[in-house]
Amino acid sequence: MDLKHQTLELEKIGGKIEEKKKVEQKGLVDLPQPHKGVVLRFAPNPSGPLHIGHARAAVLNSEYVDRYQGKLILRIEDTDPRRVDPPAYQMISEDLNWLGVEYQETFIQSDRIPLYYDYAEKLINKGAAYMCNCPGGEFKKLKDNSIPCPCRELSVDENLLKWGQMETMAEGEAVLRIKTDIAHKNPAIRDWVAMRVVEEEHPRTGKRYRIYPMMNFSVAVDDHLMGITHVLRGKDHLANSEKQKYLYDHMGWELPAFIHYGRLKMDDVALSTSQARQGIAEGMYSGWDDPRLGTIRAIARRGINSQSIKELMQEIGVKISDSIISWKKIYGLNRNILEEKSNRYFFVGDAQEVHIKNVPEEVLRVVERPLHPDFLKRGYRKIPFTGKVYLNPDDLEQDQVLRLMDAVNVKVENGKVDYHSHTFDEARALKAQIVQWVPSDSNISTEVVMPDASIIKGWSEPDCDKLTVGEVVQMERFGFARLDEIIDDKLIFYYAHP
RNA sequence: GCUCCGGUAGUGUAGUCCGGCCAAUCAUUUCGGCCUUUCGAGCCGAAGACUCGGGUUCGAAUCCCGGCCGGAGCACCA
């Protein structure tokens with residue numbers, strides 16, 4: 001019996017069909033419990049500029065803040081003096097700015113060290129934290145067997161005393177641990193470290209502090225103090241969320257909603273910030289915005305729109321399963337935006353100069369082509385056709401008739417190029433390939449930096465002298481590229497994609 | 001190894017919680033066609049997926065068990 005018949009049958013005997021309460025959901029899923037004002041945070045470690053992975057967190061937080069009219073806090077987590085790269089503070093805000101991510105407040109954790117000390121002391125007083133002198137390996141051995149270390153039994157007073165002395169202790173001599181469950185089935189959760197001594201000078205606070213909080217400690221304290229309602233983080237923090245839960249419980253704090261998303265991988269760029277830094281130091285990469293890197297600034301330099309990145313991140317969402325994103329996907333999204341925005345120009349790379357033979361006088365003229373075929377109001381570019389042109393060698397490879405766009409048709413034979421005819425109809429009848437060209441006696445020297453950092457040298461049409469740095473154009477039959485720099489009379493473009 | 005978590009077209013997603021409207025959504029991709037002028041653009045069209053095996057059920061992408069594959073964590077980094 002199919003559903004329809006069953007339904008009829010059921011109605012006959014007086015049954016009721018329960019209504020479905022599913023609601024169609026578009027785009028990002030809703031946040032759980034969005035009632036009380038949503039407060040979110042984006043909390044990067046200042047070890048370098050933002051990369052595509054950061055963009056996910058930043059964009060998602062930003063989108064939710066917009067949806068619920070909430071508040072976004074930027075919190076810079078610089079509690080490990082060894083992992084702070086001073087220029088990063090500035091780069092992070094620049095990158096967020098490019099992404100169009102707005103935040104209402106900014107905190108820097110190294111400004112808040114004394115505050116963490118206060119809470120450490122409170123935890124000790126509650127008997128929820130203890131000073132531990134065990135060498136790391138020793139503690140691990142005990143912990144892995146669910147055996148509490150001797151320090152765990154210290155009295156509050158003894159702990160307070162040791163905590164007071166920590167200031168003068170050497171690195172590694174003692175740590176402050178948060179009590180969890182020493183028999184927790186996941187050994188990683190058992191009695192984690194909250195405070196340790198670091199003898200490195202901090203780029204911002206110098207030698208003012210020697211005791212620094214661990215990420216799990218400062219994050220939990222700050223998330224509570226800042227009233228964070230939802231924590232969006234990668235699933236690599238799954239265990240950390242559970243660790244932090246113990247701190248909330250000790251303090252009697254209400255837990256925010258934790259949302260974990262999966263890992264993001266990009267084909268080609270698998271470079272971590274530290275690898276990138278090393279590559280830059282060794283001169284392998286030109287800088288943080290080298291086109292081969294997955295940093296926000298590298299992506300921006302190539303003419304990728306921040307809107308494309310936003311759309312991508314919204315599409316990927318907060319799923320916990322991992323995603324592999326391809327450049328092709330980004331290119332596709334970006335092309336949708338660029339297609340309308342970008343004006344068209346001729347560029348010929350690896351150009352070959354060609355003097356077309358037997359060109360009749362009357363076809364020599366200034367060719368006009370629209371800046372954009374769909375938006376004629378934008379105007380026209382002017383390209384003088386004198387019979388002397390640069391063409392792409394690929395187009396000359398086989399003997400055939402070519403149409404130089406809006407100019408003339410030429411016959412290619414054994415590398416020699418002869419005038420063939422003039423009209424488009426003639427070219428069409430021959431199914432001639434239509435190609436771009438640049439006058440060899442009137443042009444602009446141009447270099448295009450490709451995604452693999454190789455450089456294609458060539459010439460672009462004269463009207464490109466009207467372009468300004470930052471503008472993204474479509475080089476017909478070549479692809480989209482962003483004007484990056486003008487050196488003397490030479491244009492340097494960064495290639496985006498076809 | 002231990003703890004935890006995933007697996008829908010090439011890729012990214014919707015649907016999974018609350019089984020039937022799912023012969024499964026949308027995007028990208030690929031392929032084909034069109035275009036009085038970009039065959040690397042645009043427009044139109046098509047292709048392509050529920051990890052496998054059992055079970056429960058009238059009915060399973062959806063619930064249960066197991067296998068396989070993948071991922072994360074197992075620090076005095078964040």
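Residue numbers begin at 1 in each chain, while the letters A, B, ... track the order of the sequences.
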Could you state the [atom1]-[atom2] distance from [X] to [N], rounded to the nearest angstrom?
{"X": "A/W192", "N": "B/rA78", "atom1": "CH2", "atom2": "P", "answer": "11 Å"}
{"X": "A/W327", "N": "B/rU29", "atom1": "CH2", "atom2": "P", "answer": "15 Å"}
{"X": "A/Y261", "N": "B/rG6", "atom1": "OH", "atom2": "C1'", "answer": "17 Å"}
{"X": "A/I189", "N": "B/rU3", "atom1": "CD1", "atom2": "P", "answer": "13 Å"}
{"X": "A/K329", "N": "B/rA9", "atom1": "NZ", "atom2": "P", "answer": "14 Å"}
{"X": "A/E315", "N": "B/rU29", "atom1": "CD", "atom2": "P", "answer": "12 Å"}

statement: From the list A/F385, A/W459, A/Y390, ring pair (Phe, Tyr, Trp, His ring centres under 6.0 Å) partner of A/W437 resolves to A/F385
message: Using the ring pair (Phe, Tyr, Trp, His ring centres under 6.0 Å) definition, which of the options A/F480, A/F347, A/F478 pairs with A/Y495?
response: A/F478
- prompt: Does anything in residues 310-338 of chain A pair up under salt bridge (Lys or Arg N to Asp or Glu O under 4.0 Å), and if so which pairs, sequence neighbours excluded?
  reply: A/K235-A/D322, A/E315-A/K329
Are [X] and [Y] close enough for a salt bridge, meaning some N to O gap below 4.0 Å?
{"X": "A/D191", "Y": "A/K143", "value": "no"}
{"X": "A/D394", "Y": "A/R477", "value": "no"}
{"X": "A/R381", "Y": "A/E476", "value": "yes"}
{"X": "A/R344", "Y": "A/E339", "value": "yes"}
{"X": "A/D85", "Y": "A/R277", "value": "yes"}

On a whole-Å scale, what distance lies between the [atom1] atoms belonging to [N] and [M]?
{"N": "B/rG48", "M": "B/rC31", "atom1": "P", "value": "16 Å"}
{"N": "B/rG67", "M": "B/rA23", "atom1": "P", "value": "31 Å"}
{"N": "B/rC39", "M": "B/rG33", "atom1": "C1'", "value": "12 Å"}
{"N": "B/rU8", "M": "B/rG70", "atom1": "P", "value": "14 Å"}

Donor-acceptor contact present, side-chain [X] to main-chain [Y], <3.5 Å:
{"X": "A/H237", "Y": "A/G234", "value": "no"}
{"X": "A/Y116", "Y": "A/A194", "value": "no"}
{"X": "A/N334", "Y": "A/N305", "value": "yes"}

- request: Using a 4.0 Å heavy-atom cut-off, write out nucleotides 36-51 of chain B from 5' to 3' as B (base contacted by protein), S (sugar-phosphate only) or - (no contact).
  value: SBB-BSS---------
message: Output one letter per nucleotide in nucleotides 68-77 of chain B: B when a protein non-hydrogen atom lies under 4.0 Å from the base, S when only the sugar-phosphate is that close, - when neither is.
response: ---SSSSSBB
query: Which pairs pass ring pair (Phe, Tyr, Trp, His ring centres under 6.0 Å) with one or both residues in residues 182-201 of chain A, sequence neighbours excluded?
result: none
- line: Picking from B/rG6, B/rC4, B/rU29, the nucleotide nearest the side-chain atoms of A/K328 would be B/rU29
statement: Listed range with range, the stems formed with RNA chain B by at least 3 consecutive Watson-Crick or G-U pairs (under 3.5 Å) are B:1-7 with B:68-74, B:10-12 with B:26-28, B:29-34 with B:42-47, B:51-55 with B:63-67
- prompt: Hey, is the side chain of A/S323 poking within less than 4.0 Å of OP1 or OP2 on B/rU13, counting only N and O atoms?
  reply: yes
- prompt: Do A/S47 and A/N45 meet the criterion of a side-chain donor-acceptor pair at a distance under 3.5 Å?
  reply: yes
message: Can you confirm whether the side chains of A/Q109 and A/D78 place a donor and an acceptor under 3.5 Å from each other?
response: no
- prompt: Does anything in residues 303-310 of chain A reach RNA chain B, meaning a heavy atom under 4.0 Å, and if so which residues?
  reply: none
